[in-house]
A.B. asks: 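Have a look at this one before I ask anything.
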Amino acid sequence: MSDGERSNGRSLFPRTLETERLELERLCHDTVDARAYYEHCSEHNPHIEEVTRYLPWGPHETPRETVEYVDELERKWTEGTRGEWVIRPKSGEESETRNASEQSSSEGLDRPLGPCERVDDPRDGAGEIAGSACLVVDWETRTATPGIWLRKRFWGRGYSAERARALVALAFGRLDLDLVAVPVEDGNETSRRAVAQYVEALGGQYDGVVRNSTVRPDGRIVDHHRYTITRDQYDPDGT
């Protein structure tokens, strides 16, 4: 389905996803003002270096770069190779602030908290853009790779694990894939603990280290720790 649609014309990816505390909506020009999104991704954002430390993209230098980034996301959505959703906390979200041992930052795509850091009042930010979540699909190997990034003020709320459960359910349900693979950059120990926790809860396992797995925007070649869940292992009720 190279056009990213089922035979009945419905998109492979759902336009919206909902969890207990989060609303996820397709990230595209119709739903997000690219120039406003640029403010969160910009090199001028005071926290951007921390936010992008383990991300596969670096700070955006111009609004045009953000527009082109959203263009690319729209193309991949249509092709059916990547779904991307903007994350917004629901109204009345009042989860308790969590410390570093409870932070669920996965895939090396969300910078974890330090041991003594806290986020702002967890009741604020309802309806705001907290970040985005993605699901990258390799149809040849029938594998999905979830990802996430969050603005600093939304760290420590457990959002990463919450959206991960929704994306894993999507991968094995609507998309009918065989494997979910979660890479975490070597050195990102807080993320490793968080990912290991939810992968194990969902029935998955730790596979090992993939050496020279990828190249970061700054040219660094990094290793990844790989966690996976197979269709047969998947336990949607795992806790």
Side-chain angles (χ1 to χ4, degrees), residues 1-28 30-32 56 70-88 90 104-110 131-149 158-184 191 194-208 210 213-214 224-239:
M1 303 179 198
S2 59
D3 63 354
E5 294 189 350
R6 298 173 182 266
S7 59
N8 62 6
R10 186 173 66 159
S11 172
L12 283 172
F13 302 113
R15 187 174 181 86
T16 60
L17 290 166
E18 187 172 333
T19 69
E20 181 180 356
R21 298 178 297 154
L22 303 173
E23 294 178 342
L24 281 66
E25 183 178 30
R26 179 187 176 187
L27 200 168
C28 62
D30 288 341
T31 60
V32 174
V70 177
D71 288 343
E72 181 182 10
L73 294 179
E74 290 188 338
R75 176 180 59 80
K76 290 182 176 180
W77 179 286
T78 300
E79 293 172 346
T81 58
R82 176 175 179 144
E84 187 94 15
W85 297 267
V86 64
I87 300 172
R88 294 185 176 94
K90 291 182 178 178
S104 294
S105 59
S106 72
E107 306 92 63
L109 301 187
D110 172 17
S132 74
C134 72
L135 193 68
V136 178
V137 179
D138 184 329
W139 291 103
E140 185 174 1
T141 62
R142 302 194 61 77
T143 299
T145 301
I148 187 173
W149 77 271
Y159 288 169
S160 182
E162 188 167 326
R163 63 82 228 186
R165 286 178 171 270
L167 294 183
V168 172
L170 171 62
F172 290 130
R174 177 166 174 157
L175 300 183
D176 195 29
L177 296 170
D178 295 335
L179 183 76
V180 172
V182 187
V184 182
S191 290
V195 172
Q197 183 176 19
Y198 76 69
V199 167
E200 181 180 0
L202 294 174
Q205 65 188 44
Y206 174 61
D207 291 345
V210 181
S213 175
T214 192
H224 273 135
H225 295 270
R226 177 179 162 100
Y227 297 81
T228 58
I229 309 167
T230 67
R231 171 181 290 280
D232 290 340
Q233 291 173 325
Y234 177 46
D235 178 8
D237 299 319
T239 58

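Values in this document were obtained by computation on a predicted structure and should not be read as measured data. For reference, positions follow the sequence shown, starting with 1.
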A.B. asks: Quick one: CD on Glu25 to CG on Asp30, what's the gap to the nearest 0.5 Å?
C.D. replies: 9.5 Å
A.B. asks: For a 4.5 angstrom cut-off between non-hydrogen side-chain atoms, does Val180 reach Leu167?
C.D. replies: no
A.B. asks: Could you tell me which non-hydrogen atom of Leu27 sits nearest to which non-hydrogen atom of Ser132, and how far apart they are?
C.D. replies: CD1-CB, 3.9 Å
A.B. asks: Is it the case that the side chain of Arg142 and the backbone of Leu179 share a donor-acceptor pair, with hydrogens and angles ignored and the cut-off at 3.5 Å?
C.D. replies: no
A.B. asks: Let me confirm one number: the CZ-OG1 distance from Phe172 to Thr230, rounded to the nearest 0.5 Å.
C.D. replies: 6.5 Å
A.B. asks: Determine yes or no for a side-chain-to-main-chain donor-acceptor pair under 3.5 angstrom, with Glu162 supplying the side chain and Arg21 the backbone.
C.D. replies: yes
A.B. asks: Would a 4.5 Å heavy-atom cut-off, applied to side chains only, mark Arg15 and Cys28 as touching?
C.D. replies: yes
A.B. asks: Would you name the heavy atoms of Thr145 and Pro183 that are closest together and state the gap between them?
C.D. replies: CG2-CD, 3.7 Å
A.B. asks: Ignoring hydrogens, what is the shortest heavy-atom contact between Leu175 and Leu12? Give both atom names and the distance.
C.D. replies: CD2-O, 3.4 Å
A.B. asks: Show the nearest heavy-atom pair for residues Trp139 and Leu177, with the distance to one decimal.
C.D. replies: CZ3-CD2, 3.6 Å
A.B. asks: Testing the basics here: between Ala133 and Leu24, what is the closest heavy-atom pair and its distance to 0.1 Å?
C.D. replies: CB-CD2, 4.0 Å
A.B. asks: Rounded to the nearest 0.5 Å, how far apart are CH2 of Trp77 and SG of Cys134?
C.D. replies: 11.5 Å
A.B. asks: If you count the non-hydrogen atoms of other residues, nucleotides and ligands that lie under 6.0 Å from CD in Glu74, is the total more than 12?
C.D. replies: yes
A.B. asks: Evaluate the side-chain proximity of His224 to Thr214: yes if any heavy-atom separation is below 4.5 Å, no if none is.
C.D. replies: yes
A.B. asks: Between Asp176 and Arg231, is there a side-chain heavy-atom distance shorter than 4.5 Å?
C.D. replies: yes
A.B. asks: Find the distance between CZ (Phe13) and OG1 (Thr78) and round it off to the nearest 0.5 Å.
C.D. replies: 10.0 Å
A.B. asks: List the residues meeting side-chain contact (heavy atoms from CB on, under 4.5 Å) with Gln205, not counting sequence neighbours, and say none if there are none.
C.D. replies: Asp207, Thr228, Gln233
A.B. asks: Does Thr143 reach the main-chain N or O of Thr141 with its side chain, forming a donor-acceptor pair under 3.5 Å?
C.D. replies: yes
A.B. asks: So does Pro14 get a backbone contact from the side chain of Trp85, meaning a donor-acceptor N/O pair under 3.5 Å?
C.D. replies: yes
A.B. asks: Checking Asp237 now: which residues fulfil side-chain contact (heavy atoms from CB on, under 4.5 Å) with it, not counting sequence neighbours?
C.D. replies: Asp235
A.B. asks: Strictly distance-based, threshold 3.5 Å: is any side-chain N or O of Thr31 a donor or acceptor partner for the main-chain N or O of Arg26?
C.D. replies: yes
A.B. asks: How long is the gap from CZ on Arg165 to CD on Glu20, to the nearest 0.5 Å?
C.D. replies: 11.0 Å
A.B. asks: Keeping the roles fixed (side chain from Arg82, backbone from Leu73), state whether a donor-acceptor pair exists under 3.5 Å.
C.D. replies: no
A.B. asks: To the nearest 0.5 Å, what is the distance between CD (Glu200) and OH (Tyr227)?
C.D. replies: 10.5 Å
A.B. asks: Please report the shortest heavy-atom distance between Ala181 and Pro146, naming the atom on each side.
C.D. replies: O-CD, 3.5 Å
A.B. asks: Are Leu135 and Leu170 close enough, and set up right, to give a side-chain contact (heavy atoms from CB on, under 4.5 Å), and what steps lead you there?
C.D. replies: CA-CA 9 Å; Leu135 193 68; Leu170 171 62; 4.0 Å; yes
A.B. asks: Residues in side-chain contact (heavy atoms from CB on, under 4.5 Å) with Glu23, at least two apart?
C.D. replies: Lys90
